[in-house]
Amino acid sequence: MELNLTPRWKQEATVVMVSGGVDSAYMLYKLLKDNTNMNLHAHHIRFITHKRFYRWDVEDAACEKIWNYLSTIRPFSHSTSTIDLSEFPYTGWDTDTQLFVGSRVAMNLTADKTFLALGVNADDFAMPDIKERVKRKTVANLWGAILGSMDEVFREKVSSEVSFPLKNMTKQEILNNMPQDLIDLCWSCREPVRENGEIKPCGVCHACKQLQE
């Protein structure tokens with residue numbers, strides 16, 4: 001795990017999960033601009049999977065550019081961890097992985113109270129699969145189980161609720177409010193392809209189609 005931590009924080013801090021895509025980059029941008037007194041720690045998961053072998057490389061590069069760009073707004077810390085499941089074809093929902101890894105980051109920050117923020121937008125919440133997960137309280141149940149597994153000293157300092165700062169914003173609204181320079185730094189394709197030694201967006205995955213529209 002690569003760490004770039006600030007000195008000990010007091011009061012509250014938020015762990016912002018950043019993938020390198022538009023939504024999470026805008027979420028960090030918005031929190032930096034709107035919550036000027038909140039200590040923020042951005043975390044990126046270098047997620048190597050069977051179907052998306054090329055994806056982690058371009059997302060890593062995008063996150064580094066995003067860190068550098070947004071650090072001009074105000075200071076924040078950031079870190080990166082690696083999960084390699086490249087031998088397994090099914091790895092489940094990215095959100096589930098973010099909950100577990102985010103909880104490990106949150107419990108290690110030195111703030112008195114830590115929160116976790118995920119970049120799920122209004123269009124995502126309208127998708128049938130996610131609506132079904134909301135109905136089953138999947139995130140709340142999983143987060144509760146993760147917190148329940150922590151030693152009490154850590155459990156008391158991590159918020160019992162997961163934050164979704166973009167839940168009322170559509171993808172189009174995010175793009176309309178996001179600096180073009182920041183959009184240009186992001187990588188959103190879920191299934192990148194390699195052509196002539198270069199990694200390119202597939203153009204047909206859900207994320208690519210959203211941006212095209």
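Residues: numbered from 1 along the sequence shown. For clarity, every value in this text was computed on a predicted model and none was experimentally measured.
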Walk me through whether Trp56 and Asp84 qualify under side chain to side chain contact (heavy atoms under 4.5 Å, CB included).
CA-CA 10 Å; Trp56 69 270; Asp84 188 344; over 6 Å; no

Which is it for Phe125 and Lys167 under the side chain to side chain contact (heavy atoms under 4.5 Å, CB included) test, yes or no, and what are the steps along the way?
CA-CA 7 Å; Phe125 275 114; Lys167 65 181 180 181; 3.6 Å; yes

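Contact record, Met17 with Ile45: CE-CD1, 3.7 Å, taken as the closest heavy-atom pair. Nearest heavy atom pair, residue Cys186 against residue Met178, reads SG-CE, 3.8 Å. Taking both residues in full, the closest heavy atoms of Pro165 and Met27 are given as CD-SD, 3.7 Å, listed atom of the first, atom of the second, then distance. Listed here is the closest heavy atom pair of Met107 and Phe154: O-CD2, 3.3 Å. Closest non-hydrogen pair, Arg74 versus Leu32, comes out as NE-O, 2.9 Å. Across all their heavy atoms, Val15 and Ala106 have their closest contact at CG2-CA, 3.8 Å.
Residues Asp129 and Trp93 are in side-chain contact: their nearest non-hydrogen atoms beyond the backbone lie under 4.5 Å apart. In this structure, Ser81 and Arg104 have side chains that are not in contact, with every pair of non-hydrogen atoms separated by 4.5 Å or more. Between Ile73 and Lys33 there is a side-chain heavy-atom pair separated by less than 4.5 Å. Contact check for Ser160 versus Leu147: side-chain heavy atoms found under the 4.5 Å cut-off. For the pair Val158 and Leu116, the minimum side-chain heavy-atom distance is 4.5 Å or more. Side-chain contact between His44 and His78 is absent, with no heavy-atom pair separated by less than 4.5 Å. You'll find the side chain of Asn37 stays beyond 4.5 Å of the side chain of Gln11, heavy atoms only.
In the hydrophobic cluster analysis, where Ile, Leu, Val, Met, Phe, Trp and Tyr join through side-chain heavy atoms closer than 4.5 angstrom, Val162 is grouped together with Val120. Connection of Phe115 to Leu109 is not established within any shared hydrophobic cluster, with ILVMFWY side chains joined at heavy-atom distances below 4.5 Å, either directly or through further cluster members.
Taking a cutoff of 4.0 Å between a charged side-chain nitrogen and a carboxylate oxygen, Asp124 and Arg133 do not qualify as a salt bridge.
In terms of modelled atom types and a separation under 3.5 Å, the side chain of Asn39 and the main chain of Glu12 share a donor-acceptor contact. When atom types are taken as modelled, the side chain of Asn141 and the backbone of Arg136 share a donor-acceptor pair closer than 3.5 angstrom. A donor-acceptor pair is defined here as one N or O able to donate and one able to accept, closer than 3.5 Å; such a pair exists between the side chain of Thr114 and the backbone of Lys157. Using a distance-only test at 3.5 Å, with no hydrogens or angles considered, a donor-acceptor pair links the side chain of Asn121 to the main chain of Asp123.
Note: His43 and His41 have parallel aromatic rings, judged against thresholds of 30 and 60 degrees for the angle between ring planes. Ring geometry, Phe76 versus Trp67: the interplanar angle exceeds 60°, so the pair is classed perpendicular (tilted spans 30 to 60°).
Here OG of Ser24 is found 6.0 Å from CD1 of Ile66. Values are rounded to the nearest 0.5 Å. Note that the OG1 atom of Thr97 and the CZ atom of Phe47 stand 4.0 Å from one another [nearest 0.5 Å]. The CD1 atom of Ile174 lies 4.0 Å from the CG atom of Asp23; values are rounded to the nearest 0.5 Å. A distance of 8.0 Å separates CG of Asp94 from OG1 of Thr49, quoted to the nearest 0.5 Å. Taking SG of Cys63 as the start and CG of Leu70 as the end, the distance is 10.5 Å to the nearest 0.5 Å. With values rounded to the nearest 0.5 angstrom, Leu28 atom CG is found 6.5 Å from Leu40 atom CG.
The local environment of CD in Gln180 is crowded, with over 12 non-hydrogen atoms from other residues, nucleotides or ligands closer than 6.0 Å.
Judged purely by distance below 3.5 Å, without hydrogens or angles, the side chains of Glu64 and Asn68 never pair a donor atom with an acceptor atom.
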